Structure formats: structure tokens, C-alpha cells
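Here the structure is a predicted model, which is why all the values come from computation and not from measurement. Chain A is the first sequence line, chain B the second, and so forth, proteins listed ahead of strands; every chain is numbered from 1.
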There are 2 protein chains.
Amino acid sequence: MNHRTALDPETLTPSARRILITAAALFYDNGIAAVGVDRIAADSGVTKRTLYNRFGSKETLVATYLLERDRRWRALVERRVHRSARATERLLAPFEALGEWTVQHPRGCAFVNALAELPDPAHPAHRVIIEEKQWLRALFEQAAEEAGAERPDLLAARLYFVHEGALTAQATAPDLDAVEIATDLAHLLVRTAV
Amino acid sequence: MNHRTALDPETLTPSARRILITAAALFYDNGIAAVGVDRIAADSGVTKRTLYNRFGSKETLVATYLLERDRRWRALVERRVHRSARATERLLAPFEALGEWTVQHPRGCAFVNALAELPDPAHPAHRVIIEEKQWLRALFEQAAEEAGAERPDLLAARLYFVHEGALTAQATAPDLDAVEIATDLAHLLVRTAV
DNA sequence: ACGAGGTTTTACAGGTCAGTATAGGAAGGA
DNA sequence: TCCTTCCTATACTGACCTGTAAAACCTCGT
């Protein structure tokens, strides 16, 4: 029952769902290595046996936690993307979504934070993290093309940096209104590039 | 001998210096919680007793590791700042320094990574991290004022985001030439704002 | 009625964690 | 000579770590 990849967060038993919700909060708030499986099981109101029956290993639980975060974030952004008629609006969708997102996630990017603790590329969470970042960059780049930017890859990279910087700044510079400043800057960059 | 703050990295005994160098590499490469004091002592060629005689606790060793990183980074940036006659050059100094820095530090920002593992504000490393970020923002803001920007605080925040984003992207998007793109973008922002 | 899947309970293995105890060796200045 | 500082060596504590063992209970679909 030792999994090498993340589980599908959609098809979990009720207990597994509770475990995942509990683990997500604990991992994000305290760091991954700092949280033991005993604590996760206890806080979920579940025995450790159940945790291992459902997830097989802590590695898999971590990967599933990040995959779940990824799904939620993508859904939030894509809802706004599909609502936007103009490509320039789609370029700004991740920044608009950031406003909702950071309210519940003030400790910076869960993926960046996790990567800091998981240097091993063989860890099943690794690919989840890398793919999340690739997805965001690809979204920027496609919208940049559709908006008619001269250098879509360059505009995408710029927006990506601003986005990541604002997300990180939530944790390191809480006195800034990072989302507002970043969104405003994104507008400027889009205007300049198209 | 239990310290509540970081030690001064300048005034260490030879063994303590070796410990700090070893610990810095291990912490940055593997994460802080993942590295035990036994390993640090063994890799430094030192007994655990010596480690505790010099640093008093792992907390203090971690804080001293980050303070040392902070000193080196500030020295690198300030050398370029003092070499720059124009304020617009000083605004770009951190981006120029990034080129040298990231060669040896490809896993993103050591302070952001550490903060991901250290949520407790009472941890002695916490203030080191926050002050490093405040210092960078203050440097941007002062140079922005001297350059005659209309909104120095806004320009500083923008450059800060781009800087943090590029540093993070080293770890999450290694295919990008993050330093070049960020430096180029910084030039653009400075031109736009002054 | 029966079986299967999900879960509970208690206990344990084997290892690693941060930190301490105790005792002594080596060098250098007063 | 004596004292202090730095360091070595070995062993230990008590807690916590991930993961497993074995047996039984509950619920639900068929």
C-alpha cells in the first residue's frame, strides 16, 4: 500500500478526506517535517492505522495535500479565465484570484514552502510542485500570445515573477498590500507589452 | 549557555566557524528540520559537546546561519551600491548582485525557505529573516527617493516583488534566465517611474 | 445472511531527535 | 606553576519519528 504518486483527492473515503483537511492545515501552518503522522491522526479523530491504510505513507499524504491545493487554486483561476472575454483580462486573472486566495493563505506559497523542505526530486510531491508552476507560466504565456504581445514568453516570465514575489511578500512583508500593488503592476506590464 | 539570539559570526572560534560553514550548507540544501545536530557535528569533524558549548542550541545555530547569510548578501549588494554614482544605478544593484549570488544558491531564497519551516515568531531566526527583507525594501525605497521617483514606496515595493519572484523562480523554473529577465524588467520599472 | 471494505484499538519495532553528564587532554598567558 | 579557554571522547536520557502487527467491530450492498 505504499504509493509512489499522489492520490486523487476527489475519490477519498470520508476519513481520508478528514485526514487530508487536517494535514493540509498543519503542514501549511507549521511546515511538513515539523508535523508527525501521530498528530495528524489524532487531530483528524482517526487512528494511525487508518491513515496508513488510506495513504500508505507520509510522502503520499504530502503529495496529495499539494495536489489538492493545486486543484483548488487552478479552479479559482480558471473560473476567472473562462469568465474573461478579452485576453488582457485573462492575463490578470491570477492576480485577481490572489485576493481571495491570500486571505486564507497568509504564509506564502504552499508549493514554494514545501519545496524548501523537499529537495529530493524523487519525492512524489516534487512533480506536483513543478507542474503547478509550469501550469501558471503556460497560462500567462498563452494569454500573452492571444493578447498579441510582441514577446509572449517574456511577458509571461515577468508576470510570473511579480506574482511569485507578491505571494512570498505576504509572509515576509505583511505591512504591504501585496495583492493590490502586484495587480496594479501587472496592469502596467500588460499595457506596456501589447 | 542557551542563547536567545544569533551569535556574531565574526567572533567565532575555529571549530565554531567550521560548524557554521557545515551547517549552512546542510540547512540550505536539505531544509532545517531535516538536518540533525549529530550530522552537523560529525560532518564538521567536531563533537556534539563542542557544538553545544559554542552555540548552546540548534535554534541559535540556525539564527547564526541566517545572520551570516545576511551579512554576506548585504556586503555584496552594498559594495555595488557604494560604487554607483547615480541613484538609478543603486536601484539596480540588488539585481546585479543576484547574478553572482544565485550561482551558489540555486534553491531559492534561504530566508524564505527558512521562514517556511519556522512559523514561531519567538524563534531567534525570525527577526533575522524579517530584518533582511526590511533592509532590502528600505534600500530600494531610499534609492527611489534619491532618484526622484514620484512614489518611492511604490517603486520600492514593485522592485522588491520582482526581486523576490526571480529568486524564487531559480528553484521553481530553472529553465528561465531569471536574473536577466528580472534585471531587464527592473530597468523598465525604473525608467517608467522617474 | 454473508462478505467486503472501512475503521478501531493497543502495542510495538527500530531509529533518530535535541540536549546533558562526566571526565580529561592540550595550549597559552600571567 | 596555575588558571582559563577550547576541545575531545563516550555514554546516556526521554521524547518523538515513521511504519507495522494482530484482532475485532461496524455498516452496507447483495
| query | How close or far is atom C1' of dT20(C) from atom CZ of R54(B), stated in whole angstroms? | reply | 16 Å
| query | Do D38(B) and K48(B) pass the salt bridge (charged side-chain N to carboxylate O under 4.0 Å, His left out) test, and can you show the C-alpha distance, the side-chain angles, and the key distance before you say yes or no? | reply | CA-CA 6 Å; D38(B) 291 271; K48(B) 202 161 47 155; 3.2 Å; yes
| query | Separation of L61(A) atom CG from dT18(D) atom P, in whole Å? | reply | 10 Å
| request: Starting at atom OH of Y52(A), determine the distance to atom C1' of dT9(C), rounded to an integer number of angstrom. | output: 17 Å
| Can you give one letter per nucleotide of nucleotides 8-17 of chain D, going 5' to 3': B for a protein heavy atom under 4.0 Å from the base, S for sugar-phosphate only, - for none? | BB-------S
| said: Without decimals, in angstroms, what is the distance between F55(B) CZ and dT20(C) C1'? | reply: 18 Å
| Which atoms form the tightest heavy-atom contact between L155(A) and A144(A), and what is the distance? | CD2-CB, 3.9 Å
| message | Can you tell me how the ring of Y28(B) sits relative to the ring of H105(B), calling it parallel under 30°, perpendicular over 60° and tilted otherwise? | response | perpendicular
| If only side-chain N and O atoms of T13(A) are considered, is one of them under 4.0 Å from the OP1 or OP2 phosphate oxygen of dG5(C)? | no
| Expressed in angstrom and rounded to an integer, what is the separation of L12(B) atom CG from dT5(D) atom P? | 17 Å
| request: Evaluate salt bridge (charged side-chain N to carboxylate O under 4.0 Å, His left out) for R83(A) paired with E89(A), printing each intermediate quantity in order. | output: CA-CA 9 Å; R83(A) 211 188 285 151; E89(A) 283 176 27; over 6 Å; no
| Closest heavy-atom pair and its distance - A125(B), L66(B) | CB-CD1, 3.7 Å
| Starting at CD1 of I32(A) and ending at P of dT18(D), how long is that distance when rounded to a whole Å? | 12 Å
| Under 6.0 Å between ring centres, would you say that holds for W73(A) and H163(A)? | yes
